[in-house]
Amino acid sequence: MAESTTFTNATQILEPFRGVKKVTLEEYFTSGHRTCQGCESALVMKLMVKAAGPRTIVLGSTGCMYVANTTYYTTPWVVPWMHTQLGSSGSAALGTAAGLKALMRKGKMKAEPINVIAFCGDGGGADMGVGAISATLTHKEYNSLILLYDNESYANTDIQLSGMTPYGAHTTFSPPGKAKRIIHTRWKKNMAGMMAAGHPECRYVATVCASYAVEMMNKVRRALTIGGPTFIHSLDPCPKGWDYDPMLSHELGELAIETGIFPLYEVEDHQVRYYGKTKAIVEGRERKPVREYLLKQGRFAHFTEEDLEYFQKKVDEMWEKWEIPAVVPFRRLEATKAALEVK
Amino acid sequence: MAVATRPAPAAAEDKELLISGSEAVAEALTLADIDVVTAYPIRPYDTVMQAIAKKIANGQLVAEYIVAEGEHSQFEIVKHASTVGARVFCGSSGVGWAYAMECLVVTPPLRVPMIALVGNRALDDPGAFGVEHNDALFVRDLGWLLCWIDTSQEALDTTLIAYRVAEDRRVFLPLAISADGAFLTHSQALTMVPPKSKVDRYLPRYDRGDLLLHPDNPITVAPQANEDWVIEIRRQNNEAMARASTVIEEAYAEFRRVFGRGPENPWFEEYMTDDAEVILVGMGTISLPIKVAIREMRAKGKKVGLVRLRWFRPFPTDRLVAALSRAQALGVIDRDYSFGSPFGSGVVANEIRAALYNAARRPPLLSFICGLGGREVTLEDVYKATDMCYGAAKAGKSDPKTHWLGVRE
Amino acid sequence: MAALICEIVYRGIFQKNLASRIARGIVLSARKSGRWGIAFGRYGDSPQRNGIPAKDFAIVADTNEELEQNMARYEPKHVDVTICVDDTLAKGVESWAWYGLQPINRLTVPNGTVLMTSIQSFGELLKDIHRKDAPYKLALMRAKASFSGLWVYREDHTEVRILGALAKIAPAFLSLDGVSQAIAEMDWGSDLKVASARKAYERLETREVTMAEGNPEIPYSFEMPKWWEMREGVTIPAIPIGKPKEEGKGYVPERNPYFKKYTTRTMRPVVNFDTCVKCTLCWIQCPDSCFDVMPDGTYDANMEACCGCGVCEAVCPVENCITMVNESVFEDNASQWEMWRKDKPAYQVWLTNKIGDKQATVRSHGFRFRGQYEQELKTDLDSGGVEITAGIPGENAQHKTV
């Protein structure tokens, strides 16, 4: 019953791609899926697994990237892929990693680092599956990456609002009407911040946007290299649910960053590092007004000036009032600060 | 599969231990060298997880032991571990099993041979710990293999048999072993534990073959399917369940060869049925008061027998009909309910009614619901049921209405 | 004929609301003359995807019993009128959950009608529409395809013009007065819209199509395996890894063999290989992995895989290097790079011709900014709500967003 000596808990060492010309040519998520024209989440899948390479197992929870990608008898996946239930990305990652680990340490399977990536949408990840993801991020002995592709609604089922839908957006569960213009009055969850703050032994959390493809892939590579449970939150413009010309997917991704609505950062061993255009904002570049982003999308077409101002004010708060701007919303009391300084 | 094995060496190699049903299962899991197990607390099943934890802590078993954050994850984790080739174990009770329901539903079409222990427990509300079979019965239509055990010995033996059946490539279906809460999970009995060498001869390694999720076998598992495909997938599942009957027969025969014990008839235990005028039918530990009552009644000249069903899925229709149709009357005692069902009967009674429908001889059948929520099934309950069966035998027909026994009225 | 069965073939999401208005309009118009009816979308097309073909149906009948008779199946097997609101679907329909290509006229009954919005000629369209083993009528309503998204509707009168045209095609079920009355009662109706419907009635162009006419190509179909032929455990083989284009250079991915994107796009990228700076952006940003890497480091959009989103044009830093052009001006799915390699001057002529076609490069793929639709339509509505052909011209990305 002794543990086999062949087992190591090693990860694949995936060096960052140094520039777009160095990106691997091979596709591990290829054509023939049935996503919308201009689907940014499909791009995320492609880049995610391009970054991970061939020795990878991907688990996908229910959502667009399940239903539209893999319609029975067809698949776009080159690497092994398996469905998991809507709220189960955390459990799928954990179970797969634990199975591989058990078999390798007992000498029942050739020992080698195999990447395990489970993805979830904002509904599956930030609503239903948040508990399972949270649990997985505490299991430091299993290497897995959970990638949340956030297109800000249950886009597969008919565009219903999720806990990640922005304030005021038009969805089939929040249609602007004659008596009520804004049905959805909740502010979006801060998933990456929550995951980073709440799991002291999770060594890597990042936010990404596929409009910045190489950086996005390098975050995936970093997460897989560091090992243990890791989490990446990707913001994915969705032409169907956000209502815009599919050609604009890339541009809207950029605008989400440039307006400061979605910050790009990574938290590695508790160090917060902003990157890309978010870094420029932290270093003083002016944020673009949120209206430049919002008014390009049909889901905000009903917004009045008052709504735009409210939205702007909430984004300003993220940057001006949060203890760690756009990452952690706590604010220390002045008295606490003073007391800590004395100490 | 039908692996040829050498004849059993002397049973002297077995060790006798005083252990509970849950501990007996843990012994079997250690012998089977399971790879991944997930735990979550709910009584009474979780005594098995406590026993496994000790096995791991003491170095008797090497396995990934994961404490999940709920039953949904608990079952989903082992499902995924099984797809990469790990031998897995899981379990739950009552509403915990209900909480995992989504993950229970998906395992048969995925053909995941997960073994689960269901420590039968009444469903909420009210929160109750005692036995009822409704929890395990949730999955009766879904492609789970379902069996009920009665003793610690049977718990150990059935666990080994379960892996052999479920992991057979012809089957590849999940299997739930049901054990009555408290009666079996918490009481300790003398149990023979075989040596590892015998188990290794009996139980082949789990080989997921072309369904293995691994970079060396790139497949896509469970893509979303529309109406063009689903009925074909269900048809495949139906076939796997049908094949399971043969595999179960083989697995018990092989068990007897290797271990030198175990029943001739895998499907159900027959107690004093040879000359029985009235046969009582039940599942699980209810057999104990029934057997005692039968002995008492036989002393008074009443020829009563018992059929204790071990396997509920696949349902042993033909063998059961053959065994039951010779009686003059049948009394089915359900430790479950099925509100609004035909005649308001329990699940087992109505299954047996359906099985008998085409039988050449159909004895009158009386349906009883008894012992819900862990209420004691008394000898008086059994006498009362038997008397009513004799009444039906005499009349040559039965009132289909269901009788509740042991209820304050 | 005691029942009228219509299908509306449209682009998923872009025309979802339009198709629903048409289907409802048919039933409510026929109701004006006491008919019974039902309007429904094909469940198998749900959840819809932007651009992927979808279908709605409208059935009207003299009595409720006749209606039921036509409803007692998953979807109609024959239709009297096929309404197609995007003429690039003339090339065929590969719907969301369909393996293979359905000709646009597949369900149209002999001597039935295919009613299409188009600014192409009959001859041009019949190059695309597959041959049918029975004669039928092709009726054209002159207009560009009307695209919008889910939340903001493009009020360009397409739905009422279709209803007006249908009154001409099936007067026994939809009288022009009934249509006008129904439109006026809709919460989106208006006098101007009634006028548009009446003009469409007058201006509908119809032509008989014989069995000898049309695209002779046999469309790709798919045979369903039996239950015991399917792999167990709901598993299918993965796609193999791709290979270099030639002589160890470049890269062509393997692709899903059962679902091609030939009919999911309404526009396709035309690439100027001579001005390409090999920046990789089109290749890396394409959600459909449609760009094959050529041995010389340029990228060739593979028409098997391109769904026509236009992201490549949007990210391309070189002016006019990638231009989205309407699908209707292409006759095949051949490789542009091979064409270019074979004869560069000839390719330049072909390219200039394609990207210089102002009508074919007009882009209409839904919402870009608030007030856009009103801006595009204003002049036309002032002049009486007739042919609306506006869109945003498709030069380079930076010019496209206002």
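If you're wondering where the values come from, they're calculated on a predicted model, not measured in any experiment. Throughout, protein chains are lettered first and strands after them, A, B, ... in sequence-line order, and every chain is numbered starting at 1.
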Neighbourhood of chain A inside residues 10-19 of chain C, taking heavy atoms under 4.5 Å as contact: Ile13(C), Phe14(C), Lys16(C)

Tell me, out of Cys307(C), Pro287(C), Gly310(C), Gly149(C), who's got the most heavy-atom pairs with chain A below 4.5 Å. Pro287(C)

What part of [X] gets closer than 4.5 Å to chain C, counting heavy atoms only: side chain, backbone, both or neither?
X: Ala210(A); result: backbone
X: His302(A); result: backbone
X: Lys240(A); result: both
X: Thr172(A); result: both
X: Met45(A); result: neither
X: Pro239(A); result: both

Would you list the pairs meeting ring pair (Phe, Tyr, Trp, His ring centres under 6.0 Å) in which at least one residue belongs to residues 288-314 of chain C, sequence neighbours left out? Trp283(C)-Tyr299(C)

Pairs of heavy atoms under 4.5 Å with chain C: top-ranked of Trp77(A), Tyr28(A), Trp242(A), Phe29(A): Trp77(A)

Applying salt bridge (charged side-chain N to carboxylate O under 4.0 Å, His left out), run through Arg291(A) and Glu305(A) and close with a yes or a no. CA-CA 9 Å; Arg291(A) 62 189 302 135; Glu305(A) 283 302 318; 3.0 Å; yes

Which members of residues 18-25 of chain A, sorted by number, sit under 4.5 angstrom from chain C on a heavy-atom basis? Val20(A), Lys21(A), Val23(A), Thr24(A), Leu25(A)

By number, which residues in residues 47-55 of chain A have some heavy atom less than 4.5 Å away from chain C? Leu47(A), Lys50(A)

